[in-house]
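Here's the structure, in structure tokens; my notes come after.
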Amino acid sequence: MCGIVGYVGMRASQDVLMGGLKRLEYRGYDSAGVAILSTDGGLLAHKRAGKLSVLADDLDSRPLSSGTTGIAHTRWATHGAPTDANAHPHLADGGKLALIHNGIIENFQELKAELVAGGEEFLSETDSEVAALMLAREFRTHSNLTTAMQAVVGKLEGAFTLLAVHTDAPGVVVGARRNSPLVVGLGDGENFLGSDVAAFVAYTQKALALGQDQIVTITPESVSVITFEGDPVTPAEFTIDWDASAAEKGGWSSFMAKEISEEPEAVANTLRGRLGADGVVTLPELDVLFAGDATISRIIFIACGTAAYAAMLGAYAIEKWSGIPVSVELSHEFRYRDPAVGAGTLVVSVSQSGETMDTLMAVRYAAEKGAKTLSICNTQGATIPRESDAALYTFAGPEVAVASTKAFLSQVVASYLLGMYLGQRNGVLGESESKKLADDFDALPAQLEEMVETGPRIKELAGWMADTRSVLYLGRHVGYPVALEGALKLKELAYIHAEGFAAGELKHGPIALIEPGQIVFVIVPSPRDPSSLHSKVVSNIQEIRARGARVIAIAEKGDAAVLPFADEVIQIPLASSFMEPLLAVVPLHIFGMELAGAKGLDIDQPRNLAKSVTVE
Ligand code: M6R
């Protein structure tokens, strides 16, 4: 949470910094600020509560300076309300030093008490300001911003990325990171820092990811990295595989609308080069998990939110195709319950951002216990894949809207590929079943296009439901994670009470919620499925209809059994059972977006949320 940008070079830094903040605004959007070392040797800063546009409007009418060194921040408040005073940067040393922070400094109360006792005055309620005041003190002692930063980080506990500039260190930006992301953009005569590569991809596609507990110093001509102990480090360089246009709205009304339209492509890109027409899955990136004849006897998925629902689908598929027992846990529950993991356990994290703090901590916990770790991730250079034994990247492209859509589909596909790979490796998944799955995957992108085209119809439905106060979602087997995902989208986007239930649970409690007019989405399994799930779910529909529910069924084309009982039917193309959830979820993504739109809400930046949850 919080987006940070640093720049040093030959361009007007205000433009670079504001452009970077615009691309990082999804990380936090309750206030923003910028600080620039001006050409006349001073430091100019401006910060405002509210969305980035408030700051941008101010700077349009009163630009800061033509200085070419600066830092900027977009905030998601943790300590202190979103006010002008609590916005970053925080200034110290009589306005000569500016600092921005992402994370939580856990020992800030005691540090603050020491600083106050030493005569320092605080202007904000944030934990971050302690770092600014401490850095100013250390700079007075060391006269070197990097050494001063090293002295400060040694005293901080918790999670932090810090960036700082000082008028007595012109042409220098210093950054430090622990448990919070920071990447370096490598330019020609200029260098960049950012919470993620979106901050600077408009200028360079060459980047370095900083490791845990490292400090970076950038000047126009140099990038030097040391550990918190002062030892030099050479981080590996990587190339960003998308360009700035991929992170633009490109004529769409919202990033979410654009990203839903990209769901078919996200699936196709995640499959590309990994699945042959014969069904054989090639994933050389996983070889490392089997080094020295290692075996996997158990898999635990860890993830949060939408990523956890993708993991549930992955778990069903992997266990079926490979015979390996698989469970799914929320990352924040996993590590606090003392789970029995160790050699033979593969812990698979699923994270779009690769920076979710709860998931990162769970990965570290699993590694400490001796488990192998695999990251399913959409973001190159992110901390979770870098700290995992292996990484299976999804190729959904940058996802900017806070509500996850195309990343969800790509996570499911990557998990399915993992299941096929493991099943083929241990001989449980046979040739004909593999080939059948390859055919299913082959058809999927075009079928998803069909689902994206349901948009106008779903918009109409959302239009007449704008005043609704509660929506329920029912699904069974692979329809259950879809129900959970549909409900989460509605909560986070339209601020409507929504719950997803396993349809089999209905009579164990949730049916008591049904009263006349209650809207219920039901994800109906295919009637072609050999199990009896279809008829069971149709019975559920009858039960809730009898109690006055308004049923919107998502059902296979030609499923005549649902028609008499549903108020609306959204049809999905004929697909195998593991492909159905990928198709059924698309109208639910659209519904969440359109209901938020019908209520006049901000679709891309829902209240109280941020895209990357980098604090616990
Ligand atoms: O970056 P991650 O995939 O780790 O994020 C996990 C969740 O925070 C995320 O999926 C969240 O639930 C979305 N806002 C849901 O749309």
Side-chain angles (χ1 to χ4, degrees), residues 1 3 24 26-29 76 180-181 195-196 198 254-256 259-260 263 266 270 301-314 328-334 347-363 374-385 387-388 391-394 396-412 414-415 473 481-482 484-496 498 500 585-586 588-593 595-596 601-616:
M1 308 181 120
L24 294 185
Y26 67 87
R27 300 180 68 92
Y29 33 83
W76 186 88
S180 185
S195 301
D196 67 49
S254 63
F255 277 106
M256 188 173 176
E259 287 158 10
I260 290 173
E263 287 184 333
T270 302
F301 272 99
I302 47 172
C304 300
T306 283
Y309 306 146
M312 285 172 74
L313 288 167
V328 181
E329 298 200 36
L330 295 168
S331 313
H332 34 87
E333 291 294 320
F334 171 72
V347 171
V348 183
S349 61
V350 184
S351 174
Q352 187 286 132
S353 61
E355 299 292 351
T356 297
M357 179 61 83
D358 290 310
T359 305
L360 172 61
M361 291 304 174
V363 170
L374 167 66
S375 155
I376 293 181
C377 183
N378 194 41
T379 311
Q380 285 174 299
T383 309
I384 295 174
E387 292 199 11
S388 299
L392 180 56
Y393 281 102
T394 52
E399 192 179 66
V400 176
V402 164
S404 188
T405 54
K406 61 177 179 170
F408 171 79
L409 278 90
S410 68
Q411 288 162 346
V412 176
S415 309
Y473 295 74
V482 175
L484 295 171
E485 168 67 356
L488 176 60
K489 286 294 164 291
L490 209 62
K491 288 178 213 178
E492 73 177 326
L493 289 158
Y495 318 150
I496 287 176
V585 81
V586 179
L588 299 184
H589 283 166
I590 300 173
F591 181 70
M593 173 180 76
L595 199 49
L601 300 172
D602 188 330
I603 289 168
D604 288 332
Q605 297 178 342
R607 70 184 178 200
N608 305 337
L609 292 170
K611 182 76 179 159
S612 303
V613 184
T614 55
V615 291
E616 282 190 77

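Keep in mind the model is a prediction, meaning the values are calculated, not measured. Whatever order the structure lists them in is the order used to number ligands and atoms, beginning at 1. Values below: all heavy atoms of this structure, side chains included; hydrogens, waters and symmetry mates excluded.
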* Kindly confirm or rule out an N or O of Thr359 lying under 3.5 angstrom from an N or O of ligand 1. => no

* Which heavy atom of the protein is the closest neighbour of atom 1 (O) of ligand 1, given with residue, atom name and distance? -> Ser353 OG, 2.6 Å

* Atoms in ligand 1 flagged as close to Thr306, the criterion being non-hydrogen separation under 4.0 Å -> 10 (O), 12 (O), 15 (C), 16 (O)

* To do: Please report the closest heavy-atom contact between Ser404 and Glu492, naming both atoms and the distance.
  => N-OE2, 4.4 Å

* Has Ser612 got any heavy atom lying under 4.0 angstrom from an atom of ligand 1? -> no

* Looking at ligand 1, does any of its N/O atoms fall within less than 3.5 Å of an N/O of Gly354? -> no

* State the atoms of ligand 1, each with its element, that fall below the 4.0 Å cut-off from a heavy-atom position in Gln352. => 1 (O), 2 (P), 3 (O), 4 (O)

* Return the minimal non-hydrogen interatomic distance between Ser410 and Ala266, and the atom names on each side. => CB-O, 4.1 Å

* **atom 8 (O) of ligand 1: nearest protein contact (heavy atom, Å)** => Val613 CG2, 4.1 Å

* What distance separates Tyr473 OH from Glu485 CD, expressed to the nearest 0.5 Å? -> 10.0 Å

* Heavy-atom closest contact (Val350 atom, Ala307 atom, distance) -> O-CB, 3.4 Å

* Polar-atom distance check: Lys611 versus ligand 1, any N or O pair below 3.5 Å? -> no

* How does Glu355 reach ligand 1, by side chain, by backbone, by both or by neither, if only non-hydrogen atoms under 4.0 Å count? -> neither

* Near Ser404, which atoms of ligand 1 are under 4.0 Å from a heavy atom of that residue? -> 15 (C), 16 (O)

* **Residues which pass side-chain hydrogen bond (donor to acceptor under 3.5 Å, both in side chains) with Thr394, listed by chain and number, not counting sequence neighbours** => Asn378

* For Gln380, side-chain contact (heavy atoms from CB on, under 4.5 Å) partners two or more places apart -> Phe238, Ile240, Asp241

* Could you list the atoms of ligand 1 found under 4.0 angstrom from a heavy atom of Cys304? => 6 (C), 7 (C), 10 (O)

* Give the intermediate values and the outcome of side chain to side chain contact (heavy atoms under 4.5 Å, CB included) for residues Leu313 and Ser415. => CA-CA 8 Å; Leu313 288 167; Ser415 309; over 6 Å; no

* **Protein heavy atom at shortest distance from atom 16 (O) of ligand 1** => Glu492 OE2, 2.3 Å

* Looking only at protein heavy atoms, identify the closest one to atom 4 (O) of ligand 1 and say how far it is in Å. => Thr356 OG1, 2.4 Å

* Identify, by atom number and element, the atoms of ligand 1 in contact range of Ser351, meaning under 4.0 Å from any of its heavy atoms. => 1 (O), 2 (P), 3 (O), 4 (O)

* **Contact atoms of ligand 1, heavy-atom distance to Lys489 under 4.0 Å** => 15 (C), 16 (O)

* To do: Please report the closest heavy-atom contact between Pro181 and Thr614, naming both atoms and the distance.
  => CD-CG2, 4.0 Å

* Atom CD in Gln352, atom NZ in Lys406: separation rounded to 0.5 Å? -> 8.5 Å

* Subset of ligand 1 atoms that lie under 4.0 Å from at least one heavy atom of Ala307 -> 3 (O), 10 (O)

* **Enumerated ligand 1 atoms positioned under 4.0 Å from heavy atoms of Gly305** => 12 (O)

* So which heavy atom on Met312 is nearest to which on Pro481, and how close? -> CB-CG, 3.7 Å

* **Ser612 backbone acceptor or donor facing Tyr26 side chain under 3.5 Å** => no

